[in-house]
Amino acid sequence: MPNYTPCEQICYVLKRVPAGCVVSYGQLADLAGLPGRARLAGRCLKETSQNVPWHRVVRADGKLAFPSGSEAYEDQERRLNREEVVITRGRVHMQTYNWKPDIYTILAELPF
DNA sequence: CATCTGACCTAAT
DNA sequence: GATTAGGCCAGAT
């Protein structure tokens, strides 16, 4: 991935996450080649101007990162429900919806 | 320059 | 479950 900023790498990977699936901030960072940089993933989603499926990113335990009841929380929940992703007690069932294809498969499909 | 603050994570209590 | 501690690190104060 030549000349890509960390944030761009993260956005790139996120755009590949299909509807109906979710990934955690940490996984997103890992897949973007930035292990241990979960917080960076969060910052990027907050600051990027790119059109990315941000609502498909949740915490590692499946909980939505926003305070429950907040505007953003409700928005994310609606968007996920629209994609048939069920949320119970504020959490996504990771075992069912987590997107975790093999990292080498992803790298092999990179368009470079 | 020191400290605080996060759309975070893991491991250990 | 809930909490704590340590790791992470770019911005803001």
Side-chain angles (χ1 to χ4, degrees):
Chain A
M1 309 185 213
N3 307 326
Y4 270 53
T5 67
C7 194
E8 287 171 330
Q9 295 175 42
I10 285 169
C11 288
Y12 178 78
V13 173
L14 178 52
K15 287 176 184 172
R16 292 188 54 74
V17 177
C21 296
V22 299
V23 275
S24 76
Y25 296 89
Q27 289 174 332
L28 201 49
D30 285 346
L31 294 171
L34 302 162
R37 308 293 308 280
R39 297 197 101 115
L40 176 63
R43 269 202 313 277
C44 286
L45 296 202
K46 184 168 68 171
E47 297 167 4
T48 188
S49 55
Q50 289 196 47
N51 185 27
V52 294
W54 59 269
H55 59 285
R56 308 211 260 250
V57 187
V58 299
R59 292 216 270 243
D61 62 2
K63 288 198 274 196
L64 304 195
F66 300 107
S68 66
S70 67
E71 194 61 39
Y73 181 101
E74 301 294 339
D75 188 16
Q76 183 170 15
E77 183 173 43
R78 275 192 302 273
R79 286 168 180 271
L80 286 174
N81 283 333
R82 198 178 302 159
E83 297 181 353
E84 319 289 310
V85 174
V86 177
I87 298 174
T88 55
R89 282 178 243 101
R91 306 201 304 137
V92 168
H93 195 263
M94 294 303 269
Q95 221 177 53
T96 302
Y97 302 103
N98 188 26
W99 184 69
K100 39 186 166 183
D102 185 81
I103 181 63
Y104 296 108
T105 299
I106 294 179
L107 294 178
E109 293 175 0
L110 288 176
F112 307 112

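Proteins get letters first, then strands, A, B, ... in listed order; numbering begins at 1 in each.
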Query raised in the report: Within this structure, what is the CG-to-P distance between A/Asp30 and B/dC9, rounded to whole angstrom?
Result: 10 Å

Query raised in the report: Who are the side-chain hydrogen bond (donor to acceptor under 3.5 Å, both in side chains) partners of A/Lys15, not counting sequence neighbours?
Result: A/Gln50

Report task. Please list residues of residues 62-87 of chain A whose heavy atoms come under 4.0 Å from any atom in DNA chain B, ordered by number; otherwise none. Result -> A/Ala65, A/Phe66

Report task. Shoot me the first and last contacting nucleotide of DNA chain C against chain A, ordered 5' to 3', at under 4.0 angstrom to non-hydrogen atoms. Result -> C/dG1 to C/dA10

Report task. Identify the two heavy atoms, one from A/Ala38 and one from A/Ala29, that lie closest to each other, and give their separation to 0.1 Å. Result -> N-CB, 4.0 Å

Requested in this report: Taking the side chain as every heavy atom from C-beta outward, state whether A/Trp54 and A/Arg79 have any atom pair closer than 4.5 Å.
Outcome: yes

Query raised in the report: Contact class for A/Arg43 (heavy atom, under 4.0 Å): base, sugar-phosphate, or nothing?
Result: base

Query raised in the report: Relative to the 5' end of DNA chain C, which residue comes earlier, A/Glu47 or A/Gly36, by the nucleotide with the nearest heavy atom?
Result: A/Gly36

**Report entry** Any A/Leu80 side-chain heavy atom under 4.5 Å of A/Glu77 side chain
**Finding:** no

Query raised in the report: What is the distance, rounded to the nearest whole Å, between atom CG of A/Leu14 and atom P of B/dA7?
Result: 17 Å

Query raised in the report: Can you tell me if CD on A/Glu47 sees more than 12 non-hydrogen neighbours from other groups inside 6.0 Å?
Result: yes

Query raised in the report: P atom, B/dA7 versus C/dG7: distance in rounded Å?
Result: 22 Å

Below 3.5 Å, can you tabulate the donor-acceptor pairs from side chains in residues 58-68 of chain A to any protein atom, sequence neighbours excluded?
unit_1, atom_1, unit_2, atom_2, d
A/Asp61, OD1, A/Lys63, N, 3.0

Query - Residues in side-chain contact (heavy atoms from CB on, under 4.5 Å) contact with A/Asn51, at least two apart in sequence or another chain - result: none

Query raised in the report: With a non-hydrogen cut-off below 4.0 angstrom, is A/Leu45 in contact with a base, only sugar-phosphate, or nothing?
Result: base

Report task. Go through the structure and list residues passing side-chain hydrogen bond (donor to acceptor under 3.5 Å, both in side chains) with A/Asn81, not counting sequence neighbours. Result -> none

Query - Separation of atom CD1 in A/Ile10 from atom C1' in B/dA7, rounded to whole Å - result: 12 Å

Report task. Please work out if A/Arg56 contacts a base, only the sugar-phosphate, or nothing of the nucleic acid, heavy-atom cut-off 4.0 Å. Result -> nothing

**Report entry** Nucleotide B/dA7, atom C1' - distance to CZ of A/Arg91 in whole Å
**Finding:** 17 Å

Report task. Drop me the distance from A/His55's NE2 to A/Leu14's CG, to the nearest 0.5 angstrom. Result -> 9.0 Å

